[in-house]
Structure formats: C-alpha cells, structure tokens
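Worksheet: one structure, shown below.
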Amino acid sequence: MKIPNMLDAKKRNKNEVKYTEYNVDFNNFGENKKFYVRTYGCQMNEHDSEKIKGMLSSVGFKSAEDINDADVIILNTCAIRENAHDKVFGFLGVLKHMKQSNKNLIIGLCGCMAQEEVVIKEILDKYKQIDFVVGTHNLDNLLKVLKEKIDTNNRQIEVLSYEGDVVENVPVVRDSKYSAWVDIIYGCDKFCTYCIVPYTRGTQRSRHHEDIINEVKQLVKDGYKEVTLLGQNVNAYGKDIYDNYTLANLLKDVAETGIERLRFVTSHPWDFTDEMVDVIAKYDNIMPYIHLPLQSGSNKILKLMNRRYTSEEYLKLYKQIREKVKDSSVTTDIIVGFPGETEEDFNETLKVVNECKFDGAFTFAYSPRENTPAALMKDAIPEEVKMDRLHRLNEIINKYSNEANKKMLNTIVKCLVISESEKDKNKVCGYTENMKLVNIVGDKSLIGKIVNVKITDTKSFSLDGEYVEEY
Ligand code: SAM
Ligand code: SF4
C-alpha cells in the first residue's frame, strides 16, 4: 500500500521527471465486463477520464450506459474546494448500497482527492466500499492496480507523492468526435496560497512539442475540427525543458498543422508574454477566446494569494489582448472572501470587473484547503459575508455577460456544432469562435460541421440562432 504525504508532495526535484511510453501488456481481463466513470472537476479531469476509458477498453471492458449495469465504477475526483469533496463523499453513500446488493461490484477512486493524505486516511478508516485508489501521478498504472484487486481480492491503494512521469501514448477514448483535449503541461509550480493543485498534480512538466504536434496531426487526420491545449498554467509551457521554445512557439506550430480551431486553457497572467498575444492575434485558426483568471482586484489580496501580478499589470495585459485580438472574448475566475479581504478589497475587485466587463466568470467563495498556506492565515471571513459578496459579484458579472451577448444579436457567426441540444431535440448546439454556446434551429446533419449561424436571441449564459448556409 502506498499512501500520499503532503510534505513530500510539496518538494520539487526536476531530475525525477522521466519521459516514458505507456507499456502495459495484459490479456483481455475485462472481457464481458462493463465500466462506468463518473468525473468531477476541471477539463484536465475530463481528459483523464478519457484515458481511464481508453485503458479499460484496451483490455476488453465495455462502457455501461447505466451505472447499475457496471461491474467496475470509477470516481475521478476533484479537490479544489470543500464542496467537491462533499459531492464525492455523498455519492459514496449511494455506492455503499449498490455494493450491498452486488458483492462483485468493484469501486475505484482516482483524481486529485486520491492525492490527499487526509482523504486516504478517511477512506482507510470509514469507506470500506472503495476497492482501489490510484493517484494522479500513476494513473497509467490503473490496469495493474485493478487486476491486482481482481486477482487477490485485496484492497489496493497506490498513490505516489513524487512528481510523476510524463507518459506518452496512454490509450484514450474521446467523448467527442469533433473537439479534442490535448495535454501540453502537467502539474503546477505557482503555489498560489489557496490552491491544492501543486500538491495533488505535482511539479510543472511539459510534454515534448514533437509529441504534441504528432498527436494534433493525427487528430486532424481523424477528422477533428478543434483541439484545446490543456494545462493548469499553459503559459508556463516549455519553461521546464526548453531554453527557447514557449507557448508562443507551440501555438504557432499547432496552428500550422491545419487544425481548424485551436484553443488553450488555463492562462496565468504572470506568464503571458507579448509574443503569445501576437501569435494569437496573427493566426485565424487560434480562437479569439482567453480565460484569464483574475482571482482578486486588490493588490493586498493578490500578494497574500501569491499571484505575482498587480491589478494594474492584469489590466494592462487585459487591454493588450482586447486591442490586438480581434472580436475576442475574455472570461475569468474570481475568489471572494479570501482571509483578510475587507469591504475595500472587495470593492477593488468590483472596480476591475467594472473596467473589464468580462464575457463571463467562474466565481467562488474561498474554501480553505488543508496544508495550503492560506488555510493557516488569520482573519477568516464569515460564511455569510462570503455569500453576500459572491451574490453581489455575480449580479455584476451576469449584467456584463448579458451585455456582451447582446452585442452579438443579429450577427452571423461561425459555430462548430457538437451535439443535439439538451433542451430541445429539434435544435442542435455548438460554440462560436469566441466560445459562446448557441442553441441552433437546424437538423442533426449539422453536427460535426462548422456552419454560419444568425444569432436571433441572447441570454446570460447562451445564445439562440438559426443555421444560415454551409461554411
Ligand atoms: N490554474 C488556474 C489558474 O491559475 O487560474 C486555475 C486552477 S483551479 C482548477 C480553478 C479555479 O478554482 C481557480 O482559478 C480559483 O479561482 C478556484 N480555486 C482554487 N482554489 C480555491 C479555493 N481554495 N477556494 C476557492 N476557489 C478556489
Ligand atoms: Fe492553483 Fe495557482 Fe497553479 Fe492555478 S496557478 S493551479 S490557481 S497554484
């Protein structure tokens, strides 16, 4: 049994990062068995789940449409805020009942919660229904751990606290046939004081650019229209392995593969260079959409958060992006109620929001994470104050989001149609170049195509439109 240790997780030793190939050779031990993967959290977890499905499928497992038909259930978890924890622990209650009526059911836990010492101790103590745990650093060991569980019927906990390797060619079953996630950098070395990611995802480790380009070239051949380059801080790409190859170089090289749409997420303002903005502005197939987390508009709080920029620097970058990248939209992340945040600090945040008029924002009440520096800071903000600030912030965010959407009324925009609309089976839905969700009057034959759409109505979080003509 290998369990995580948060002090070890904090250590950084670049020499330990190894580049390897996925090399698992098991017989079809999943034949006649079904799996169900439940994903919590960010896009990186969504993509990890595609790898989990890929690895399971490679040894004969089939996907179960309904969780009740599954022989193996895997929870791919998130640790970013306490409510992400609560959701998983709540669901474990449901799984306990399922396990009571099906003794052969195997339940596994992966993802960021698996990297938390306190979670593993709690699982060992109280959650006997969990049969195996695999950490984020050794996800490629999933089949070995699962097979061991099946062969021995002993509980398996295998979580490493070191940085982990960069493993190429892990099998993947992608959820979409048109839009694909591509990892470019794992982990994070920023250590924002509120954030657990540097502990659960380890040190910053870039993939080699040749491997990324080859993956995108294959996706183009397979008919994919869009790729999104993924990392906790994509703007740090290359810093750990190259002297002279950055995200700007990578964006240019990926854009030149001929992929029709290129996106990237998430950008840390501190690592965003002028050269990157210029490349985004230059290539038509790099989409004019940037997610640029602000976190706070108060310089005092930004410093306490260890964000490494001031609100003035953020605004300068923001304006540069808006000026240079034509018709761009910018969204952000904001935390309210960080320890020590006064009403004046909160007003500083509102000031920046009023200046930027973001297209949208993910807003959060600060949630203390065990073993992070902010969890030990004085002047915790009472829950009701956090909620009041969150409410006031959301009202302003929604107002600007509405205004930005209204500007698109009656325009004709290009949309990549990805699926049937969830709300209305007579409609399809897709995304504009600047990442607005549109519900489109049009038939299913449009799915997978980039088409012209006239925007006929706008709401806070989506647009309505009708298909105009083939692109
Ligand atoms: N790497 C990205 C960045 O630096 O902006 C984001 C990573 S995180 C998965 C997504 C968002 O969760 C963060 O931008 C932050 O706003 C929020 N977040 C992270 N830790 C948090 C905490 N302890 N409490 C509340 N929100 C948090
Ligand atoms: Fe967390 Fe900061 Fe790293 Fe983003 S940059 S993952 S917020 S530590």
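Remember, it's 1-based here, ligands and their atoms both numbered in the order they're listed. The first residue in the sequence is number 1, and the count goes up from there. Everything numeric in this text was worked out from a predicted model, so none of it was measured.
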Which one holds for Arg307 and ligand 1: side chain close, backbone close, both close, or neither close, with close meaning a heavy atom under 4.0 Å? side chain
Salt bridge between Lys319 and Glu355, side-chain N to carboxylate O under 4.0 Å? yes
Under a 4.0 Å heavy-atom limit, does Lys190 contact ligand 1 with its side chain, its backbone, both, or neither? neither
To atom 5 (O) of ligand 1, the nearest of Pro293, Ala79, Cys78 on a heavy-atom basis is Pro293
Atom indices of ligand 1 within 4.0 angstrom of Ala365 heavy atoms, with elements: 25 (C)
Near Arg369 (heavy-atom distance under 4.0 Å), the atoms of ligand 1 are 23 (N)
Taking Ala79's backbone N and O only, do any of them form a donor-acceptor pair with Arg369's side chain (distance below 3.5 Å, no angle check)? yes
Tell me the protein heavy atom at minimum distance from atom 6 (C) of ligand 1, and give that distance in Å. Gln232 OE1, 4.1 Å
Heavy-atom donor-acceptor pair, Gln115 side chain to Leu160 backbone, under 3.5 Å: yes
Does the Ser328 side chain pair with the main chain of Pro288, one donor and one acceptor, at a distance under 3.5 Å? no
Test of proximity, His268 against ligand 1: N or O pairs below 3.5 Å: no
Can a donor-acceptor pair be found, under 3.5 Å and without considering hydrogens, that links the side chain of Asn76 to the backbone of Asn45? yes
If only atom types and distance count, is the side chain of Tyr242 paired as donor or acceptor with the main-chain N or O of His209 below 3.5 Å? yes
Starting from atom 16 (O) of ligand 1, find the nearest protein heavy-atom neighbour and note its residue, name and distance. Gln295 OE1, 2.7 Å
By number and element, which atoms of ligand 1 are closer than 4.0 Å to a non-hydrogen atom of Arg81? 12 (O), 17 (C), 18 (N), 24 (N), 25 (C), 26 (N), 27 (C)
Might you confirm whether atom CG of Asn402 has over 12 heavy atoms from other residues, nucleotides or ligands at distances under 6.0 Å? yes
Quick one: CD1 on Ile212 to CG on Leu229, what's the gap to the nearest 0.5 Å? 7.0 Å
Please test Phe358 against Tyr400 for ring-ring contact (aromatic ring centres under 6.0 Å, His included), starting from the C-alpha separation and ending with a verdict. CA-CA 6 Å; Phe358 294 106; Tyr400 289 125; 8.7 Å; no
With heavy-atom distances below 4.5 Å as the criterion, would you say the side chains of Arg207 and Glu168 are in contact? yes
Which protein non-hydrogen atom lies closest to atom 20 (N) of ligand 1, naming both residue and atom, and how far is it? Tyr194 CD1, 3.3 Å
Can a donor-acceptor pair be found, under 3.5 Å and without considering hydrogens, that links the side chain of Ser401 to the backbone of Asp359? yes
Any Ile80 heavy atom less than 4.0 Å to ligand 1: yes
Between ligand 1 and Ser267, is the shortest N or O to N or O distance under 3.5 Å? no
Within a distance under 4.0 Å of any heavy atom of Phe364, pick out the atoms of ligand 1 and give their elements. 11 (C), 12 (O), 16 (O), 17 (C), 25 (C), 26 (N)
Tell me if a side-chain donor or acceptor on Ser462 pairs with a main-chain N or O of Val438 at a distance below 3.5 Å. no
For atom 7 (S) of ligand 2, closest protein heavy-atom neighbour: Tyr194 OH, 3.4 Å
Plane angle bin for Tyr314 and Tyr318 - parallel if under 30°, tilted between 30 and 60°, otherwise perpendicular: parallel
Determine whether a donor-acceptor pair (N or O, by modelled atom type, separation under 3.5 Å) exists between the side chain of Tyr309 and the backbone of Leu294. yes
Give the contacting part of Arg307 toward ligand 2: side chain, backbone, both or neither, where contact means a heavy-atom distance below 4.0 Å. side chain
Do me a favour and list the nearest non-hydrogen protein atom to atom 10 (C) of ligand 1 with residue, atom name and distance? Asp333 OD2, 3.7 Å
What protein N/O/S atoms are there under 2.8 Å from atom 3 (Fe) of ligand 2, waters excluded? Cys188 SG
Parallel, tilted or perpendicular: which describes the rings of Phe364 and Phe362, with under 30° parallel and over 60° perpendicular? parallel
Between Ser367 and ligand 1, is there a nitrogen or oxygen pair with a distance under 3.5 Å? yes
Heavy-atom contact under 4.0 Å between Ile335 and ligand 1? yes
